[in-house]
Amino acid sequence: MKKVQLSTKILIGLVAGILAGILLQGSPDIANHWIKPFGTLFLNLIKMIIVPLVLASLVVGTCGLGDVRKLGRIGGKTLAYYLLTTAFAVILGLILANMFSVGAGFTIPAETKAAEAKEIPKVVDTLLNIIPTNPIKALADGNMLQIIAFALILGGGIVVLGEKGKPLYDFFDSLTEATYKITGGIMNFAPYAVFALIVPVVAANGPKVLLPLLSVIIIVYLGCFLHAVLVYSGTLAVFAKFSPIKFFKGIFPAQAIAFTTCSSSAALPVNMQCTEKNLGVPKSICSFVLPLGATVNMDGTALYQGVCALFIANVFGIDLTISQQFTIVLTATLASIGTAGVPGAGLIMLTMVLQSVGLPLEGLALVAGIDRILDMARTTINITGDSACAIIIAASENELDRNCEIKHGYSV
Ligand code: ASP
């Protein structure tokens with residue numbers, strides 16, 4: 001028998017949960033006391049793994065970037081492009097979500113209105129607070145921005161240590177693998193958790209609570225489209241004098257793989273082929289820029305996180321201040337370095353973005369059911385950004401083969 005994919009199971013969990021929620025509308029107590037705890041168990045498991053996962057994967061990611069330094073000029077340009085475009089993607093996501101008030105018009109009362117209870121921090125304080133005076137406390141408190149800062153600094157230290165830093169690197173590398181495995185295990189519960197989390201929401205508020213989800217899908221797809229048109233076409237035309245039409249034609253096979261597999265890593269081999277054979281970037285640049293991008297550059301994921309954070313805030317009736325939105329830009333940009341290029345990784349990292357501004361993690365249940373649909377768009381954008389960067393780097397190094405023709409017979 002064919003194995004049912006996890007994403008299909010999650011969707012089934014969502015639909016079943018909605019139906020059960022409708023049936024239990026008259027008796028929300030059953031939903032709250034008997035069903036919701038299973039969802040809470042799942043959220044606790046996610047909360048348990050997120051701190052070690054972020055710390056370990058970011059330390060390892062930063063060590064990877066350490067090699068970039070050795071590559072000097074190309075490394076610097078690549079990193080600058082990756083980070084700037086990712087930050088732009090989150091900002092674009094937030095602008096669109098604010099403009100269209102994603103999820104507004106329907107409010108679920110939040111149990112933990114942590115974001116409201118907090119005093120509004122100033123931007124300067126947010127920036128100063130990024131450096132933890134006590135990293136152990138940051139880890140214990142689950143202060144995401146501080147954990148990210150500590151991980152980047154620790155990773156930098158390991159790189160500078162060179163050979164001596166190897167055991168520490170191996171430790172974090174192995175911890176990363178272990179936390180990925182555990183996350184994979186936890187995700188197997190996701191279909192049941194989505195069921196358990198959505199039942200009480202629908203039982204208490206009625207099925208109309210789901211309508212706003214459609215707006216999330218539309219805004220994420222619109223954002224991804226705009227990002228491709230504005231940022232990739234724009235930077236290709238300005239910095240590489242490269243035709244965006246040729247670019248999108250040449251990259252299409254890789255996009256198709258990314259769209260269907262929802263994995264940047266799975267699309268990497270085809271992306272390398274397309275970028276080299278169709279678009280004329282030399283192998284030496286492809287083999288450095290693209291694998292790095294598949295691990296650290298996730299514009300689509302960052303955009304999606306911006307939209308979802310605002311959606312969850314709106315649905316739970318929490319106003320996000322400008323400084324909180326700034327924190328989202330920072331966390332989502334940095335989170336993309338630690339996000340694995342596999343299906344659903346962005347959803348896990350969304351926990352961290354939500355936590356950084358005190359938004360209720362229950363909101364995850366709402367977006368988890370449609371995550372696959374969003375993953376298709378964001379992964380496509382993730383890999384498109386890597387290829388655009390490779391072309392710009394090749395052009396800036398005068399190594400772009402401008403006569404390279406798209407091989408129409410090229411098959412995936
Ligand atoms: N699936 C995405 C990727 O592989 C990561 C994510 O879940 O956002 O690029």
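Keep in mind it's a predicted model, so treat the numbers as computed, not measured. Numbering of residues begins at 1 and proceeds along the displayed sequence. Atoms within each ligand, like the ligands themselves, are counted from 1 in listed order.
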Lys166 bridged to Asp173 by N-O distance under 4.0 Å
no
Considering only heavy atoms of Gly341, which atoms of ligand 1 have at least one such atom less than 4.0 Å away?
3 (C), 4 (O)
Would you say the side chains of Ser336 and Thr301 form a donor-acceptor pair under 3.5 Å?
no
Considering the heavy atoms of Ser263, write down every atom of ligand 1 situated less than 4.0 Å from one of them.
4 (O)
Pull out every atom of ligand 1 sitting under 4.0 Å from any heavy atom of Thr301, numbered as shown with elements.
5 (C), 6 (C), 8 (O)
Ligand 1 atoms in contact with Gly344 (distance to a heavy atom under 4.0 Å)
7 (O)
Arg372 side chain reached by Cys262 side chain, heavy atoms, under 4.5 Å
yes
Give the residue, atom name and distance (to 0.1 Å) of the protein heavy atom nearest atom 5 (C) of ligand 1.
Val342 O, 3.6 Å
Under 3.5 Å side-chain donor-acceptor pair for Gln146 and Asp141
no
What are the atoms of ligand 1, with element, lying closer than 4.0 Å to any heavy atom of Arg378?
6 (C), 7 (O), 8 (O)
What I'd like to find out is whether the side chain of Ile391 reaches to under 4.5 Å of the side chain of Leu400, using heavy atoms alone.
yes
Distance filter under 4.0 Å to Asp375 heavy atoms, resulting ligand 1 atoms:
1 (N), 2 (C), 6 (C), 7 (O)
If I take atom OH from residue Tyr192 and atom CD1 from residue Ile12, how far apart are they, to the nearest 0.5 angstrom?
10.0 Å
Exactly one of Phe150, Phe171, Tyr169, Phe172 should register a side chain to side chain contact (heavy atoms under 4.5 Å, CB included) with Val59. Which one does?
Phe172
Check whether any N or O atom of Thr379, backbone or side chain, sits under 3.5 Å from an N or O atom of ligand 1, and answer yes or no.
yes
Checking heavy atoms under 4.0 Å, the part of Met298 that sits near ligand 1 is side chain
Applying a 4.0 Å heavy-atom criterion (strictly less than), which segment of Ile383 is in contact with ligand 1: side chain, backbone, both, or neither?
neither
Gly346 neighbourhood, listing ligand 1 atoms whose heavy-atom distance to it stays under 4.0 Å
6 (C), 7 (O), 8 (O)
Taking N or O atoms only and a 3.5 Å limit, does Cys262 qualify as a polar contact for ligand 1?
yes
For residues Tyr304 and Asn382, is any side-chain donor paired with an opposing acceptor at under 3.5 Å?
no
Would you check if the side chain of Asn271 reaches a backbone N or O of Ile383 as a donor-acceptor pair within less than 3.5 Å?
yes
Given that the side chain starts at C-beta and the backbone is N, CA, C, O, which of these parts of Ser264 lies under 4.0 Å from ligand 1, counting heavy atoms, or is it both or neither?
both
